[in-house]
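No experiment lies behind these values; they were computed from the predicted model shown. We name chains A, B, ... by the order of the sequence lines, and we start the count at 1 in each one.
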Protein chains: 2
Amino acid sequence: MTRATSTLKTYNQDCSDCPIRHRAVCARCESDELEQLEQIKYYRSFEAGQTVVWAGDTMDFVASVVTGIATLSQTMEDGRRQMVGLLLPSDFIGRPGRSTSAYDVTAATDTVMCCFRKKPFEDMMLRTPHIGQRLLEMTLDELDAAREWMLLLGRKTAREKISSLLTIIARRDASLQLTMTDGSLSFDLPLTREAMSEYLGLTLETVSRQMSSLRKEGLIVTEGKRHITIPDFDRLLEETGDDSDGGFLM
Amino acid sequence: MTRATSTLKTYNQDCSDCPIRHRAVCARCESDELEQLEQIKYYRSFEAGQTVVWAGDTMDFVASVVTGIATLSQTMEDGRRQMVGLLLPSDFIGRPGRSTSAYDVTAATDTVMCCFRKKPFEDMMLRTPHIGQRLLEMTLDELDAAREWMLLLGRKTAREKISSLLTIIARRDASLQLTMTDGSLSFDLPLTREAMSEYLGLTLETVSRQMSSLRKEGLIVTEGKRHITIPDFDRLLEETGDDSDGGFLM
DNA sequence: CATCGGGATTGATCTACATCAAGGAAGTTG
DNA sequence: CAACTTCCTTGATGTAGATCAATCCCGATG
């Protein structure tokens, strides 16, 4: 929260400082277009666990995650929940052309989002084709991720699911690029056991047991409840059930 | 096959006859743009069970399903398979900006596709923004479908999965709009039990058992192995675990 | 018309994961 | 520094769906 608020202050001054400029919606914008985006953007920060919008609520903005992690989830009447989206920094939230959210959007950690008011953003999309192109690219990437996720949900064992999730987070979490020294990686798990279980289509007890099992076998090392070290990434990869080559390449 | 070839002949003459004109990529094109699409399109037909491309193969076209049903699947090294896409007429295949297919594409029934050579299609996308916009809309719809599917894979029981699949096919299969007389719907299941099991993340035995169970309870009526009648759609809907209102509305 | 072969069904058994239940660690609140 | 809370772990038991195995159905083929 404290950290979130201070970053907010910094970014709010000028879009050129804003990390999303380089990676998300406005990656290819000219300076005048950046200026237009400046006009319609604002920042919001959320504490870990806080709900951004509920499924069915009206959502009058689209957004890009600046820092932190947000999730999209669906809930069934009887309370069964399935996560369907995991949004890391630079990921995009919201669907142009729809006014209500189809999913619960939740901040998994303290999170800052760069929001754009929906209507002006859509207008701008019409005027500026490469924003739409960028959005198409991002949506196609998300679709690929969703399909990988479907394989995980439909066919992988609990152990494979856990290993897969750990490798996914390890790969995408930029912060740990630094910590690769002797070939081991370490990072803070940004998800509770419950959030992991919602991602994986398991119960939190099964998640906990499988984590313990990986720990006992030395595939992961834990410090406290959240900090994880992977001493040998390739060895963990073998537990995911994935093709050894695929994914990383191309 | 016979039927496929004869339709092919008809469509090949002029894009104005082509069903995809009204629903897929070129839905908003002006006549000169249609003319350009004419130049780069060709038809291909496939027999039920035939593979269109294997995962990893180069794919030098994008396409739209004209008739029949195609599937996208992923395979793990040990042979476990998960379907990740079900493509009905007017659905789009292929990803602009990628030269190899990430999935096995298979014709589930006899199928005709309207293909566009990739390079010229991509060039045209750059010149014609609304083709990109249309593609973005379609991709967003697919992403929504994938997320619904993730809920099914991660959290639904076998019975709920089967009921969901039947309602999905019933809703999307245009051919049966006709057969709604007394409130009952009937249609030909376009998938084998095995394909259903790959869609649902189950074994084919479980699919078969659950189908028998729904039959015994009168939720569905079967003629032969493939023809299905749903005497009371709402009653089947209650078995899906879905929100009774959601989905159909909005 | 017998044989064949690719679905589909059904039964018997096994097992991975869920469910139910009881603590434990670590932060934080009065 | 007790008493909560929140998150996590671990154990005992139950069960939905997988697995293994026979049999059936039915259109195709010689």
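- A donor atom on one side chain and an acceptor atom on the other are not found under 3.5 Å apart for B:D104 and B:T51.
- Separating the CG atom of B:L152 from the P atom of D:dG17 is a distance of 12 Å, rounded to the nearest angstrom.
- Across all strands shown, B:T192 has heavy atoms under 4.0 Å from sugar-phosphate atoms exclusively, and none from any base.
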Working for ring-ring contact (aromatic ring centres under 6.0 Å, His included), residues B:Y103 and B:W54: CA-CA 6 Å; B:Y103 314 102; B:W54 296 104; over 10 Å; no
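- Comparing A:K216 and A:R155, the nucleotide of DNA chain D nearest to each residue sits closer to the 5' end for A:K216.
- Residue B:L214 contributes atom CG, which lies 16 Å from atom P of C:dA8 at whole-angstrom precision.
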Hey, mind stepping through B:M113 and B:T111 against side chain to side chain contact (heavy atoms under 4.5 Å, CB included) and telling me if it holds? CA-CA 7 Å; B:M113 292 182 191; B:T111 297; 4.1 Å; yes
Where does DNA chain C pair, written as one dot-bracket string 5' to 3', with Watson-Crick or G-U pairs under 3.5 Å, ( ) inside the strand, [ ] for crossing pairs and | for another strand? ||||||||||||||||||||||||||||||
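- Counting only N and O atoms by type, the side chains of B:T206 and B:T203 include a donor and acceptor under 3.5 Å apart.
- Checked against D:dG17, D:dA18, D:dT9, the side chain of B:Q210 finds its nearest nucleotide in D:dG17.
- A:R80 comes within contact range of no nucleotide atom at all, as no heavy-atom separation falls under 4.0 Å.
- Within 4.0 Å (heavy atoms only), B:R159 reaches no atom of the nucleic acid at all.
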B:M196 vs B:L165, side chain to side chain contact (heavy atoms under 4.5 Å, CB included): CA-CA, chis, key distance, verdict: CA-CA 8 Å; B:M196 292 174 72; B:L165 177 55; 3.9 Å; yes
Pair up each side-chain donor or acceptor in residues 219-227 of chain B with any protein partner under 3.5 Å, not counting sequence neighbours, and list the distances.
from	atom 1	to	atom 2	distance (Å)
B:T222	OG1	B:R215	NE	3.3
B:R226	NH1	B:L189	O	3.2
B:H227	ND1	B:D188	OD1	2.9

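- Rounded to an integer number of Å, the gap from A:E205 CD to D:dC8 C1' is 10 Å.
- The side chain of B:R209 lies closest to C:dA12, out of D:dG17, C:dA8, C:dA12.
- Salt bridge annotation for A:R147-A:E142: absent, with no cationic side-chain nitrogen under 4.0 angstrom from a carboxylate oxygen.
- At whole-Å resolution of the value, NZ in B:K156 and C1' in D:dA16 are 17 Å apart.
- Put simply, A:S212 has a side-chain N or O that comes within less than 4.0 Å of OP1 or OP2 on D:dT10.
- Side-chain atoms of A:K225 lie closest to D:dC8 of the nucleotides D:dC25, D:dG17, D:dC8.
- Between A:I162 atom CD1 and C:dC17 atom C1' the separation is 12 Å, expressed in whole Å.
- Note: CG (A:L204) to P (C:dT19) measures 11 Å, nearest angstrom.
- Within 4.0 Å (heavy atoms only), A:L202 reaches sugar-phosphate atoms of the nucleic acid but no base atom.
- OP1 or OP2 of D:dC8 lies within a sub-4.0 Å distance of a side-chain N or O belonging to A:R226.
- Residue B:R215 contributes atom CZ, which lies 13 Å from atom C1' of D:dC25 at whole-angstrom precision.
- A salt bridge links B:E160 to A:R80: one of the charged nitrogens lies within less than 4.0 Å of a carboxylate oxygen.
- Using a 4.0 Å heavy-atom criterion, one finds that A:G49 contacts no nucleic acid atom at all.
- The side chain of B:R193 has C:dT9 as its nearest neighbour among C:dT19, C:dT9, D:dT10.
- The side chain of B:T206 places an N or O atom within less than 4.0 Å of a non-bridging phosphate oxygen (OP1 or OP2) of D:dA18.
- Rounded to a whole Å, the CG atom of B:L189 is 13 Å from the C1' atom of C:dG7.
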